[in-house]
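Note sheet for the following structure.
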Amino acid sequence: MTTRRSLAKVAAGAIAAAAVARTLPAAAQSGDAATITAHIETFRAAFLGKDTGKLAGLVTETLNYGHSGGVIEDKAAFLKAVTDRKAMMKSLKYSDFAVQVNGNSAVARHIWESESEADGKTTQTKVGVMQVWQKQADGTWLIYARQAFRLPT
């Protein structure tokens, strides 16, 4: 004899099983996504502090680093630009993180908000950023490509 209580238990079990099934792939990738998110924070702090040693350790030798104004830099040019930066960066904040891992590659997106000062003039920047990460043979995640873009107004 089927009762409401037994139907409710069956339905609850089916819902729980479906929820677990949906989260298994995400749980399997959450370690890599968490690692990439931590690396993005390390990158932010290193960029703000002009720590080119740390930055060099977070990018591939074949880096393609794109700015929102269209300038594209390789690894050497990117690191030189950080070192030679004349503007004093007062703050750099990242928000709205999204990391999607697919095997040995990942796409990370975030919003870049900064305030800098040069020649007594303060500039505020807010752009979107997409990074492409590659998992290296040793398991390390590095930025292969990065592109900033203007946000819709």
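- Here the options are F47, F43, F149, the test is ring-ring contact (aromatic ring centres under 6.0 Å, His included), and the partner is W112; only F47 passes.
- Shown here for I36 and A108, the closest heavy-atom pair between the two residues is CG2-CB, 4.4 Å.
- One N or O on the side chain of Q136 and one on the backbone of Q134 form a donor-acceptor pair closer than 3.5 Å.
- At distances below 3.5 Å, at least one donor-acceptor pair connects side-chain atoms of D74 with backbone N or O atoms of A77.
- The CE atom of M89 sits 10.5 Å away from the CD atom of E115 when rounded to the nearest 0.5 Å.
- Using a 4.5 Å heavy-atom cutoff, the side chains of M130 and V107 are in contact.
- The distance from atom CH2 of W141 to atom OG1 of T60, rounded to the nearest 0.5 Å, is 13.0 Å.
- Residues L151 and V71 do not share a hydrophobic cluster, clusters being chains of Ile/Leu/Val/Met/Phe/Trp/Tyr side chains in contact below 4.5 Å.
- Closest of all the heavy-atom pairs between T52 and L79 is CG2-O, 3.7 Å.
- Across all their heavy atoms, G128 and I111 have their closest contact at CA-CD1, 4.2 Å.
- In this structure, D119 places its CG atom where only 12 or fewer heavy-atom neighbours from other residues, nucleotides or ligands lie under 6.0 Å away.
- One N or O on the side chain of K50 and one on the backbone of R85 form a donor-acceptor pair closer than 3.5 Å.
- The shortest heavy-atom contact between A148 and V127 is CB-CG2, 4.2 Å.
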Chi angles and distances behind the side chain to side chain contact (heavy atoms under 4.5 Å, CB included) call for Y94, V129: CA-CA 9 Å; Y94 291 174; V129 173; over 6 Å; no

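- The distance from atom CG of N102 to atom NZ of K135, rounded to the nearest 0.5 Å, is 12.5 Å.
- Distance NZ/K75 to CD1/I143: 11.0 Å, rounded to 0.5 Å.
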- prompt: Do E73 and H67 pass the side chain to side chain contact (heavy atoms under 4.5 Å, CB included) test, and can you show the C-alpha distance, the side-chain angles, and the key distance before you say yes or no?
  reply: CA-CA 8 Å; E73 298 167 332; H67 295 269; 3.0 Å; yes

- prompt: Could you go step by step and tell me if Q131 and H110 meet the side chain to side chain contact (heavy atoms under 4.5 Å, CB included) rule?
  reply: CA-CA 9 Å; Q131 299 171 338; H110 63 83; 3.8 Å; yes

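- Cluster membership for L142 and I72, using ILVMFWY side-chain heavy atoms within less than 4.5 angstrom, is not shared.
- Rounding to the nearest 0.5 Å places CG of L58 at 10.0 Å from OG1 of T140.
- Here the two rings, on Y144 and W133, have centers that are 6.0 Å apart or farther.
- Looking only at side-chain heavy atoms (C-beta outward), K90 and T122 come within less than 4.5 Å of each other.
- For the residue pair R150 and G69, the shortest heavy atom distance occurs at NH2-CA, 4.1 Å.
- When all heavy atoms of S114 and L92 are compared, the pair lying nearest together is CB-CD1, 3.8 Å.
- The line from CZ of R109 to CD of Q147 is 11.0 Å long, rounded to the nearest 0.5 Å.
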